[in-house]
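One structure below.
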Amino acid sequence: MTLRFIASSRLPTPWGVFTMHGFEDNETGKEHVALTYGELGGDQPVLARIHSECLTGDALFSLRCDCGFQLQEALKRIAEEGRGALLYLRQEGRGIGLINKIRAYHLQDAGADTVEANEKLGFAADMRDYSMLPVMLEHLGIRTVRLMTNNPRKVDALQRYGLQVAERLAITTGLNPHNAGYLDTKASKLGHMMSSADFTAAEAAAKNNKNN
Ligand SMILES: Nc1nc2c(ncn2[C@@H]2O[C@H](COP(=O)(O)OP(=O)(O)OP(=O)(O)O)[C@@H](O)[C@H]2O)c(=O)[nH]1
Ligand SMILES: [Zn+2]
């Protein structure tokens, strides 16, 4: 692993002033970021989110997925708690990259689900690599987390690297008519621990209204 810490700075957000830590992987050219809030040292588990890059959801307001909603929810919960970390990993499109994700969306527009689309393009359903986690978390002084995720593979990845997951916290938000099928596929084919019942009544009610 060639990842190393480069620099940190303040990052004011609508939820509070975070500290942003930048890491660079010389081998892959990837630049990963962690946003931290409060004092992270000590033995108390740290409220954490490991977020995979989604340019379309995180920055371009896409309703095809739940990423942007989860990103905001995680930062809000961390600020409310007064302590926590969000790792923003540059694994766009579950590791296949932005242009391939657009190719996959094109196939989904023609009826494929998110897993079938990846497979038609010759990729596994989930190509993400989590080998940067130990370096980033060690730099931040984090050994034990309370992880906000619905994805059991993220819990497994952390444990594989010797990190402790004290608790898994669901992060179900952003259900809408455009991502309802995608979220169903995540639950049925990718093992995500969520169902419609986990979302707010308003989200569930709006789920089938395609005019939204
Ligand atoms: N290849 C592909 N990637 C997608 C698609 N929709 C979202 N993504 C990417 O999926 C990643 C987010 O993964 P998700 O499966 O939504 O959620 P997760 O991170 O595994 O799990 P949570 O922690 O519960 O959010 C981001 O990198 C997105 O860019 C899609 O249809 N195809
Ligand atoms: Zn997304």
Side-chain angles (χ1 to χ4, degrees), residues 1-3 23 25 27-34 48-60 62-71 73-74 85-137 145 147-163 165 168-176 178-196 198-199:
M1 168 51 56
T2 52
L3 191 78
F23 299 80
D25 185 336
E27 204 169 275
T28 61
K30 296 271 184 197
E31 297 170 324
H32 303 290
V33 159
R49 165 94 182 137
I50 296 169
H51 193 87
S52 301
E53 178 176 14
C54 178
L55 181 89
T56 47
D58 298 338
L60 301 179
S62 170
L63 298 178
R64 290 192 81 128
C65 60
D66 52 347
C67 304
F69 302 97
Q70 290 179 310
L71 179 60
E73 173 72 13
L86 180 136
L87 273 56
Y88 193 90
L89 306 181
R90 313 298 297 281
Q91 313 164 302
E92 175 61 68
R94 272 187 245 116
I96 67 174
L98 177 62
I99 298 301
N100 283 324
K101 188 173 83 171
I102 298 172
R103 288 193 177 105
Y105 278 167
H106 181 70
L107 293 171
Q108 289 171 51
D109 289 343
D113 69 31
T114 183
V115 169
E116 291 162 350
N118 260 39
E119 288 169 350
K120 279 187 184 175
L121 292 171
F123 298 114
D126 192 340
M127 305 278 292
R128 280 176 286 187
D129 160 43
Y130 294 101
S131 57
M132 71 295 273
L133 288 178
V135 178
M136 293 178 78
L137 293 172
V145 295
L147 190 66
M148 293 180 271
T149 186
N150 310 314
N151 182 350
R153 281 178 308 284
K154 286 186 182 169
V155 176
D156 292 346
L158 279 166
Q159 290 171 340
R160 216 177 313 127
Y161 289 113
L163 298 150
V165 181
R168 181 195 71 87
L169 302 165
I171 180 156
T172 41
T173 178
L175 173 65
N176 70 71
H178 306 280
N179 69 12
Y182 167 73
L183 295 182
D184 282 346
T185 303
K186 286 211 297 187
S188 64
K189 289 195 173 178
L190 294 170
H192 283 241
M193 297 172 276
M194 61 181 165
S195 73
S196 298
D198 298 327
F199 293 86

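- Smallest separation of non-hydrogen atoms from L86 and A74: CD1-CB, 3.8 Å.
- Between E116 and K189 there is a side-chain heavy-atom pair separated by less than 4.5 Å.
- Separating the CG atom in L63 from the CG atom in D66 is a distance of 11.0 Å, to the nearest 0.5 Å.
- K120 contributes no side-chain N or O that, together with a main-chain N or O of L107, makes up a donor-acceptor pair within less than 3.5 Å.
- Looking only at side-chain heavy atoms (C-beta outward), N150 and I171 come within less than 4.5 Å of each other.
- In this structure, C54 SG and Q70 CD are separated by 9.5 Å, a value rounded to the nearest 0.5 Å.
- Between F23 and A34, the closest heavy-atom pair is CE1-CB, 4.3 Å.
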**Message:** Pair K101, L55 - check side-chain contact (heavy atoms from CB on, under 4.5 Å), show working.
**Reply:** CA-CA 10 Å; K101 188 173 83 171; L55 181 89; 5.7 Å; no
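- Looking only at distances, no side-chain donor or acceptor of R49 sits under 3.5 Å from a matching main-chain atom of L71.
- With a 4.5 Å cut-off on side-chain heavy atoms, V145 and L163 do not count as touching.
- Scored by the side chain to side chain contact (heavy atoms under 4.5 Å, CB included) test, R153 finds D126, N151, L190, H192 as partners (sequence neighbours excluded).
- Contact check for R168 versus M193: side-chain heavy atoms found under the 4.5 Å cut-off.
- The two residues A117 and A112 come nearest to each other via the heavy atoms N-CB, 4.0 Å.
- For I102, the side chain to side chain contact (heavy atoms under 4.5 Å, CB included) criterion is met by L98, I99, not counting sequence neighbours.
- Between the N179 side chain and the G174 main chain, a donor and an acceptor come within less than 3.5 Å of each other.
- Judged purely by atom type and a 3.5 angstrom limit, N118 uses its side chain to pair as donor or acceptor with the backbone of A124.
- There is no side-chain donor-acceptor pair under 3.5 Å between T56 and R64.
- The backbone N or O of E27 lies less than 3.5 Å from a partner atom in the side chain of T2, making a donor-acceptor pair.
- Looking at every heavy atom in both residues, P134 comes nearest to Y130 through CD-O, 4.0 Å.
- Without hydrogens or angle criteria, Q91 side chain to D129 main chain gives a donor-acceptor distance under 3.5 Å.
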**Request:** Just do the side-chain contact (heavy atoms from CB on, under 4.5 Å) check on L147 and K154 with the steps written out, would you?
**Result:** CA-CA 9 Å; L147 190 66; K154 286 186 182 169; 4.2 Å; yes
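- Using modelled atom types, no side-chain atom of R90 and backbone atom of E53 make a donor-acceptor pair closer than 3.5 Å.
- Scanning both residues, D58 and G68, for their nearest heavy atoms gives OD1-N, 3.6 Å.
- Summarising the geometry, atom CG belonging to D113 is positioned 7.5 Å from atom CD belonging to Q108; distances are rounded to the nearest 0.5 Å.
- Here the closest heavy-atom approach between residue G95 and residue R128 is recorded as N-CG, 4.0 Å.
- Inter-residue side-chain proximity for H178 and S62 is flagged as unmet; no heavy-atom pair is nearer than 4.5 Å.
- Using a 4.5 Å heavy-atom cutoff, the side chains of M127 and R94 are not in contact.
- Atoms CG and CD1, from L133 and I50 in turn, are 4.5 Å apart once rounded to the nearest 0.5 Å.
- At least one side-chain heavy atom of M136 sits less than 4.5 Å from a side-chain heavy atom of L89.
- Between L87 and L137 the shortest side-chain heavy-atom distance falls below 4.5 Å.
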